[in-house]
Protein chains: 2
Amino acid sequence: MKLEELIAAARGEVEVDLLIEGADVVNTLSGEVYRSNVAIYDGTVVGFDCESAKKTLDLSGKVLAPGFIDGHVHLESAMVTVPEYARAVVPRGTTAVVADPHEIANVLGVEGIRYILDSSRSSPLSVFVMLPSCVPATSLETSGASLDAPALSKLIGEERVLGIAEVMNYPGVVFRDPSVMAKLGLAERTRFDGHRPRIDGHCPLLSGRDLAAYVAAGIGSDHECTSSEEAKEKLRLGMRIMIREGTAAKNLDDLLPLVNEVNSRRFLFVSDDRHPSDILREGHIDSMVRRAVRAGLDPVVAIQIATQNAAEYFGLLDLGAIAPGRRADIVVLDDLEGLSVQKVLKGGAVVAEAGRLTVPQREAPMPRSSSMKVGEIGPESFDIKAEGDLVRAIGVIPNQIITRSLFTRPKVEAGKVVADIERDLLLMAVVERHKGTGNVGLGLVNGFGLVRGAIATSVAHDSHNIASVGTNSAEIYRAVSAVKEMGGGLVVVDGGEVTAPLPLPIAGLLSDRSMEEVVEKIEEVVGAAKNLGSSLEDPFMTLSFLCLPVIPELKLTDRGLVDVNRFDFVSLFAGDGEEDATSPEER
Amino acid sequence: MKLEELIAAARGEVEVDLLIEGADVVNTLSGEVYRSNVAIYDGTVVGFDCESAKKTLDLSGKVLAPGFIDGHVHLESAMVTVPEYARAVVPRGTTAVVADPHEIANVLGVEGIRYILDSSRSSPLSVFVMLPSCVPATSLETSGASLDAPALSKLIGEERVLGIAEVMNYPGVVFRDPSVMAKLGLAERTRFDGHRPRIDGHCPLLSGRDLAAYVAAGIGSDHECTSSEEAKEKLRLGMRIMIREGTAAKNLDDLLPLVNEVNSRRFLFVSDDRHPSDILREGHIDSMVRRAVRAGLDPVVAIQIATQNAAEYFGLLDLGAIAPGRRADIVVLDDLEGLSVQKVLKGGAVVAEAGRLTVPQREAPMPRSSSMKVGEIGPESFDIKAEGDLVRAIGVIPNQIITRSLFTRPKVEAGKVVADIERDLLLMAVVERHKGTGNVGLGLVNGFGLVRGAIATSVAHDSHNIASVGTNSAEIYRAVSAVKEMGGGLVVVDGGEVTAPLPLPIAGLLSDRSMEEVVEKIEEVVGAAKNLGSSLEDPFMTLSFLCLPVIPELKLTDRGLVDVNRFDFVSLFAGDGEEDATSPEER
């Protein structure tokens with residue numbers, strides 16, 4: 001039996017598997033750094049010396065830290081499978097992540113969550129899962145699944161499932177939406193008094209009594225703080241502060257000044273949404289540790305934040321420290337100044353060296369379900385019959401996910417509204433892809449800058465229907481059809497031809513290729529989209545957020561145009577006087 | 001529903017029950033002290049202001065801290081019921097204890113544990129329970145119960161049961177005794193990876209590989225450290241260090257120098273065994289906080305150690321801090337220098353003021369089982385037939401629980417060994433009281449100093465049979481009979497008459513009277529015993545440890561004399577040459 005063996009190995013009665021010699025150990029429990037050997041048996045640290053070892057590993061001059069833990073990540077943002085993600089982040093020192101499979105769950109529901117669990121089962125990266133709390137994100141769109149409390153309850157007790165993921169619907173908490181309350185109630189299934197699964201938060205700028213209400217509901221963390229003042233209030237109320245450095249949202253510099261010796265235990269490092277190119281270029285949790293130390297944080301505290309603090313919050317008692325009985329997930333650093341990852345041990349075995357994964361990975365299973373159930377559509381599905389003199393148009397604001405709601409006169413040809421290249425007024429469509437409803441939402445968008453062709457993507461928050469923007473309905477149809485035929489992905493259509501496809505066959509969100517290849521492909525499709533005339537930094541990312549009906553002002557879903565401020569649908573054609581009543585702006 | 005109400009109260013939609021105004025709050029989460037109101041609804045902190053409150057409480061100039069938590073206590077050492085214990089410690093700021101009902105479980109088994117749980121169900125003191133891991137303590141005595149892993153497994157998931165109590169049998173861990181391993185295995189019933197019930201440790205002076213083995217087995221704490229060096233090694237290995245200030249064992253002064261800003265989160269305060277007179281005179285966890293601060297510890301850190309750290313270790317997420325969603329268990333202190341407890345709120349209600357409990361307590365149930373099942377005994381049961389010229393005698397060492405094994409010539413009259421007052425060689429007996437076996441262990445003891453009469457007690461570690469020491473078998477019989485007739489307790493017999501009884505009718509361990517009365521009675525019985533000629537500080541405490549067969553050198557149980565070094569029985573009459581072979585000492 002395992003425990004007996006472990007004890008015997010710790011006592012030196014049986015030969016240990018590995019003895020690491022000569023390195024300094026960062027002890028995240030005692031807060032010290034000191035020279036110590038480390039003995040490992042059956043994947044577990046058993047002590048600091050031994051009678052005899054099958055192997056020894058001389059790491060003289062190096063520093064050993066526990067494996068880094070990402071406390072909150074949407075793996076889907078990296079657009080690759082779990083094995084590919086592991087191949088990228090494990091050599092950078094990350095040995096565990098707490099994933100919120102929010103995106104894939106919006107497409108595939110429970111099957112998507114199980115896919116993340118299954119495809120990480122024997123990974124060199126430990127993947128823990130928080131159950132997505134907001135599937136679907138709203139009632140204004142068609143998602144691939146609906147995960148209510150009874151559906152989540154089947155997963156809550158499973159291995160590696162740690163609780164309920166970020167409760168983005170904070171109005172639902174504060175105003176006690178019954179479906180939200182039922183989800184919070186899942187975490188109340190307590191084994192001990194007060195001892196329950198974790199519930200992560202997401203409450204940007206929430207403050208005062210509403211924040212107190214949100215915390216009183218049992219929500220234990222927040223990763224949306226953008227200022228030290230905001231984080232301080234949340235800290236005082238008892239939330240763990242997850243310092244986030246994603247691709248779009250970067251909060252380390254703003255939050256670090258708040259960390260001190262009496263409160264540092266309440267902080268974690270998280271990546272949330274980090275795009276593949278950033279992971280390859282900057283790194284992962286390791287880059288946060290380095291930046292924090294360069295900004296003046298004690299390296300031991302920075303490493304505690306990256307390891308033990310997350311282990312403690314999530315109750316992962318066997319992670320976060322190099323100590324007897326804990327998993328031998330160990331990062332070998334050059335020193336406490338450089339903090340550069342030299343090697344990574346996972347369960348006592350070297351799995352990465354010099355930035356590369358050195359172990360083969362088991363091929364991960366693929367989801368069984370097709371995620372491309374598009375109803376009957378044809379080129380005519382994208383025609384907008386002219387029904388008035390005034391239309392609403394989505395106004396893109398570069399590098400922001402909010403939009404403006406514009407009113408304008410449409411260009412009409414043969415009774416149809418058409419794109420007006422002169423005024424950068426393009427056609428936009430969102431095609432439902434989960435249930436074959438045939439829903440096509442149609443609208444107009446300003447600010448994309450395409451002068452010919454069309455682009456389309458199946459990555460479109462939060463329901464991930466197929467979104468397209470183009471200069472004519474024929475090429476939009478071509479682009480949407482190409483996405484459908486690839487089983488999901490990003491395409492550019494120019495002159496009726498697909499010029500730069502990035503297939504994302506897994507749920508229309510993830511590639512089955514390497515992260516390097518994905519980065520290259522993204523550069524290609526973005527380049528091709530820019531070739532069509534767009535001056536946006538990443539037209540696909542902009543497009544993916546034009547569907548998100550929780551961020552103001554005007555968005556488009558498969559069910560139609562949404563006035564986010566009213567949280568309801570509005571018609572494309574505006575009535576007399578409406579423009580004055582709702583918006584001061586018009587082109 | 002509760003959670004909805006709480007959220008509404010936090011938002012100010014409903015009137016809160018209480019608003020505390022004007023005090024400074026010790027925030028154990030952010031590590032700060034600042035002026036803040038505290039709003040309480042339905043026993044729970046909901047925030048820091050409110051629209052309107054049913055009551056307000058002006059505590060201007062005072063300091064609010066979370067209720068203190070005793071991380072490890074044997075309530076039986078206080079010799080009173082849970083309500084009486086609560087009456088003593090709650091006014092001193094303790095609002096929760098983690099109890100190991102080791103003593104009562106050795107008498108009553110599962111019923112004893114349930115008694116502790118039942119009698120604390122609606123107490124102003126939250127009583128959590130760790131399941132005793134060592135019942136019986138040894139195979140060399142008859143205990144009232146035997147709690148193996150299957151027996152404990154029925155309790156492990158119950159409300160307020162947090163895990164497995166101090167695993168005193170550390171050789172059993174290190175050498176993988178199957179029954180010990182089975183008990184450790186109970187805590188492996190994990191809900192999440194690595195997330196499991198706590199197992200407390202007890203491993204005085206264990207070090208090096210054996211300590212690593214003990215920690216690798218999953219044992220998370222130790223309260224037996226007597227030096228900073230010992231604690232440092234355990235801290236490095238990942239144990240939480242419980243700093244103990246009991247009646248006999250006091251470790252605060254020795255361990256405090258180890259506490260610093262990077263490791264303080266790993267310490268707890270515990271009382272372990274604190275006698276009623278010490279509780280009344282010195283206090284409880286409050287006295288440890290005061291002493292730590294006077295010794296130079298930051299008051300906020302001292303309060304974290306007394307509150308949040310225990311809550312965190314035991315996973316008591318709703319205790320340990322004054323924050324939304326946490327129980328409103330609040331200690332009102334004069335200031336951070338005096339640290340004197342002025343008032344105590346439990347679940348938002350004032351339950352103690354000026355050192356007194358101000359709320360009535362529900363009468364606690366009594367155990368149903370009699371704990372006095374003594375077999376047929378008579379005066380002749382205590383006769384020792386002379387069967388040799390050389391006897392073993394237990395040598396008392398004042399103020400220690402270890403004894404010496406002596407050899408001497410017995411005084412013999414009419415074929416019986418009798419007490420020899422001149423040489424302070426008295427008769428000792430241990431009468432089995434759990435199963436009516438009629439077992440009577442007989443021996444001789446030197447060092448008690450009685451010149452007449454006898455004393456007897458049903459508090460006799462760890463099996464709590466009836467132990468007696470006296471100058472003649474008739475008075476020993478009288479004393480044992482008196483204990484039996486009282487249903488347990490302490491007595492002194494002088495001239496054939498009981499002069500000072502302290503009845504302990506609950507399991508023969510606990511009084512049904514007030515702590516003050518118990519203290520007074522103890523003084524009486526100890527005084528009466530001293531009147532018989534004993535110069536020991538507390539002859540009853542000395543007697544109670546003469547039965548404990550895990551502490552060297554010679555002990556007496558109901559089954560006979562035990563040579564602890566050999567961990568086996570030895571005969572009262574020694575063979576030729578045995579004295580030389582086993583001990584250099586003889587009187």
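Values reported hereafter were calculated over all heavy atoms of this structure, with side chains retained and with hydrogens, waters and symmetry mates removed. Letters go in sequence order (proteins before strands), and every chain restarts at 1.
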Quiz item: Is it the side chain or the backbone of B/A39 that comes within 4.5 Å of chain A heavy atoms, both, or neither?
Solution: neither

Quiz item: With a 4.5 angstrom heavy-atom cut-off, which part of B/I219 approaches chain A: side chain, backbone, both or neither?
Solution: neither

Report the option among [options] that has the most heavy-atom pairs separated by less than 4.5 Å from atoms of chain A.
options                        : value
B/E13, B/E32, B/R176           : B/R176
B/G208, B/A212, B/A9           : B/A212
B/G12, B/G47, B/C50            : B/C50
B/K232, B/R326, B/R209, B/E312 : B/R209

Using non-hydrogen atoms and a 4.5 Å limit, figure out which bit of [X] sits close to chain B: side chain, backbone, both or neither.
X      : value
A/R266 : side chain
A/R327 : neither
A/E233 : neither
A/A311 : neither
A/V173 : both
A/Y214 : neither

Exercise. Would you check if there is a donor-acceptor pair between the side chains of A/S221 and A/D200 at a distance under 3.5 Å?
Key: yes

Quiz prompt | Given B/L211, B/N169, B/V180, B/D210, the one that forms side chain to side chain contact (heavy atoms under 4.5 Å, CB included) with B/V174 | solution = B/D210

Exercise. May I ask you to establish whether A/R236 and B/F48 are in a cation-pi arrangement, using a distance under 6.0 Å from NZ or CZ to the six-membered ring centre and at most 45° from the ring axis?
Key: no

